[in-house]
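Here's the structure, in structure tokens; my notes come after.
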Amino acid sequence: MTEQPKYREIADALREAIDNGEYGPGDRLPGENPLAAQYGVAAMTARQALRELKAEGIVEARKGAGFFVVEPFTPIRRRGAARLSRQHWGAGKSLFAADDSRALTTDSQVLGAVTPSAEVAEVLALPEGEQAFARSRRHIVDGRPVLMSTSYLSNAFVAGTPITQTDTGPGGIYARLADLGAGPSRFREEVVIRMPSADERACLGIAADTPVIKISRTAFTEDGRAVEVNEMTLDSRAYVLEYDFEA
């Protein structure tokens, strides 16, 4: 049997101590030098053990202060199919309600008419030079920012409608599109995992080495017209992506 690396042995011991309550949320773990002396290893090996726990989301690093146990957070189970069903948003429910029963705080900002990226303009089939209407949101659960998103729609189509208001009403954008005769009948989501930008780190309160989940969703009407592009960035530690569909 292959002997496990020393840094994993140290990480396992620290994880067990956290699980047993020896270190609670907010507590500082021993630094790399005390750990190195305790286990008879190089400081680099002890540092690797601490980074292993950080990668698991168990601890966080604070610049110049060390590694601290994080508050436990139950991941949000994002139910990709159920949350987008017409039956759900058509009944006036928020998409998040299909994912989790916890209270959701949303920071919303109406950005108004903007010049979209070439990719968004192409998907929405906007004529050259035509603006998109945009609105951004940040979702906060248990005091923790978990998602940031921006929706883009044809400005010419939604101008003057409830979609441009701060509160779009029950069922959100999709229910209001349905009111306009352009309710979504299918969706496409593209998922990419990457490292965060500086703006994403600041908005989500995450470290530079925490991956994010980038989801780009397009809503299509029954005749195949794209009516909304929603670009979302999720804290990868806060979500489980679930897709349930028939064989």
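The structure displayed is predicted, hence computed values, not measured ones.
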Practice task
Report the distance from atom CG of L124 to atom OG1 of T218, rounding to the nearest 0.5 Å.
Solution key: 7.5 Å

Practice task
Return yes if some donor-acceptor pair links the side-chain N/O of E122 with the main-chain N/O of E119 below 3.5 Å, else return no.
Solution key: no

Problem - SB check D142 R102 (cutoff 4.0 Å) - result: yes

Practice task
Find out whether L177 and T221 are in side-chain contact, i.e. whether some heavy atom of one side chain is under 4.5 Å from a heavy atom of the other.
Solution key: no

Completion exercise
In this structure, CG of L53 is separated from CD of E60 (nearest 0.5 Å) by 13.0 Å

Problem - Under 3.5 Å donor-acceptor, R176 side chain and T168 backbone - result: yes

Handout entry: Any donor-acceptor pair under 3.5 Å from T106 side chain to S108 backbone
Key = no

Practice task
List the atom of T161, the atom of T164, and the distance in Å for their closest heavy-atom pair.
Solution key: O-OG1, 2.8 Å

Practice task
With the side chain counted from C-beta on, respond yes when L35 and L50 share a heavy-atom pair under 4.5 Å apart, and no when they do not.
Solution key: yes

Handout entry: 4.5 Å side-chain heavy-atom contact, S236 and I213
Key = yes

Problem - Heavy-atom donor-acceptor pair, R28 side chain to A65 backbone, under 3.5 Å - result: yes

Problem - Presence of salt bridge, R188 and E190, under 4.0 angstrom - result: yes

Practice task
Of all the heavy-atom pairs spanning G183 and R86, show the shortest one and how long it is.
Solution key: O-NH2, 3.8 Å

Handout entry: 4.5 Å side-chain heavy-atom contact, Y7 and Y39
Key = no

Practice task
Measure the shortest side-chain to side-chain distance between V141 and I76 over non-hydrogen atoms and say whether it is less than 4.5 angstrom.
Solution key: yes

Practice task
Assess whether atom CG of D19 is packed by more than 12 heavy atoms of other residues, nucleotides or ligands within 6.0 Å.
Solution key: yes

Exercise for the section: Give the intermediate values and the outcome of salt bridge (Lys or Arg N to Asp or Glu O under 4.0 Å) for residues R15 and E56. Expected result: CA-CA 10 Å; R15 191 185 301 104; E56 295 175 17; 2.8 Å; yes

Practice task
Check whether any side-chain heavy atom of V69 sits under 4.5 Å from a side-chain heavy atom of L29, and report yes or no.
Solution key: yes

Handout entry: Pair R186 + E222: basic N to acidic O under 4.0 Å
Key = no

Practice task
State, to 0.1 Å, how close A178 and W89 come at their nearest heavy-atom pair, and which atoms those are.
Solution key: CB-CZ3, 4.1 Å

Handout entry: Verdict with reasoning, E130 to S154, per side chain to side chain contact (heavy atoms under 4.5 Å, CB included)
Key = CA-CA 8 Å; E130 184 172 318; S154 165; 3.4 Å; yes

Problem - Shortest non-hydrogen contact from Q131 toward P116 - result: CA-CD, 4.3 Å

Problem - Main-chain N/O of K214 paired to T233 side chain as donor or acceptor, under 3.5 Å - result: no

Problem - Check: N20 side chain, A17 main-chain N or O, donor-acceptor pair, under 3.5 Å - result: no

Exercise for the section: Would you confirm whether H88, through its side chain, and S94, through its main-chain N or O, come within 3.5 Å as a donor-acceptor pair? Expected result: yes

Practice task
Please tell me if the side chains of L147 and D235 come closer than 4.5 Å, counting only heavy atoms from C-beta onward.
Solution key: no

Handout entry: R62 NZ/CZ over F68 ring centroid, <6.0 Å and within 45° of normal
Key = yes

Exercise for the section: Report yes or no: do V146 and L204 belong to one cluster of Ile/Leu/Val/Met/Phe/Trp/Tyr joined by side chain heavy-atom distances under 4.5 Å? Expected result: no

Practice task
Group every Ile, Leu, Val, Met, Phe, Trp and Tyr by side-chain heavy-atom contacts under 4.5 Å, then state whether L104 and L84 land in the same group.
Solution key: no

Exercise for the section: Following the transitive rule for hydrophobic clusters with a side-chain heavy-atom cut-off under 4.5 Å over Ile, Leu, Val, Met, Phe, Trp and Tyr, establish whether L95 and Y243 coincide in one cluster. Expected result: no

Exercise for the section: Report the residue from R78, R79, R83 that forms a salt bridge (Lys or Arg N to Asp or Glu O under 4.0 Å) with D99. Expected result: R83

Problem - Test: D209 and R51 ion pair at under 4.0 Å - result: no

Exercise for the section: Could you check if a side-chain atom of V227 sits within less than 4.5 angstrom of a side-chain atom of F220, using non-hydrogen atoms only? Expected result: no

Practice task
Assess R77 against Y239: is NZ or CZ under 6.0 Å from the centre of the six-membered ring, and within 45 degrees of the ring's axis?
Solution key: no

Handout entry: Separation of R144 CZ from T105 OG1 (nearest 0.5 Å)
Key = 14.5 Å

Problem - R217, R135, E228, E231 screened by side-chain hydrogen bond (donor to acceptor under 3.5 Å, both in side chains) with S151, the one that passes - result: E228

Practice task
Write down the atom of P145, the atom of C203, and the distance for their closest heavy-atom approach.
Solution key: CB-O, 3.7 Å

Exercise for the section: Working to the nearest 0.5 Å, report the span between OH of Y23 and CZ of F67. Expected result: 14.0 Å

Problem - Gap between atom CD of Q48 and atom CD1 of I10 - 0.5 Å precision - result: 9.5 Å

Practice task
Group every Ile, Leu, Val, Met, Phe, Trp and Tyr by side-chain heavy-atom contacts under 4.5 Å, then state whether F157 and V110 land in the same group.
Solution key: yes

Exercise for the section: Under the side chain to side chain contact (heavy atoms under 4.5 Å, CB included) rule, what do T150 and N230 come out as? Steps first, then yes or no, please. Expected result: CA-CA 6 Å; T150 302; N230 190 344; 5.7 Å; no

Handout entry: Contact summary for V229 and S216, nearest pair of heavy atoms
Key = CG1-OG, 4.2 Å

Handout entry: Shared hydrophobic cluster, M232 / L153 (ILVMFWY, side-chain heavy atoms < 4.5 Å)
Key = no

Problem - Any residue meeting salt bridge (Lys or Arg N to Asp or Glu O under 4.0 Å) with R225, in chain and number order, not counting sequence neighbours - result: none

Practice task
Might you work through the side chain to side chain contact (heavy atoms under 4.5 Å, CB included) test for L180 and I163, ending with a clear yes or no?
Solution key: CA-CA 10 Å; L180 297 172; I163 290 173; 4.1 Å; yes

Practice task
To the nearest 0.5 angstrom, please state how far the OH atom of Y174 sits from the OG atom of S185.
Solution key: 12.0 Å

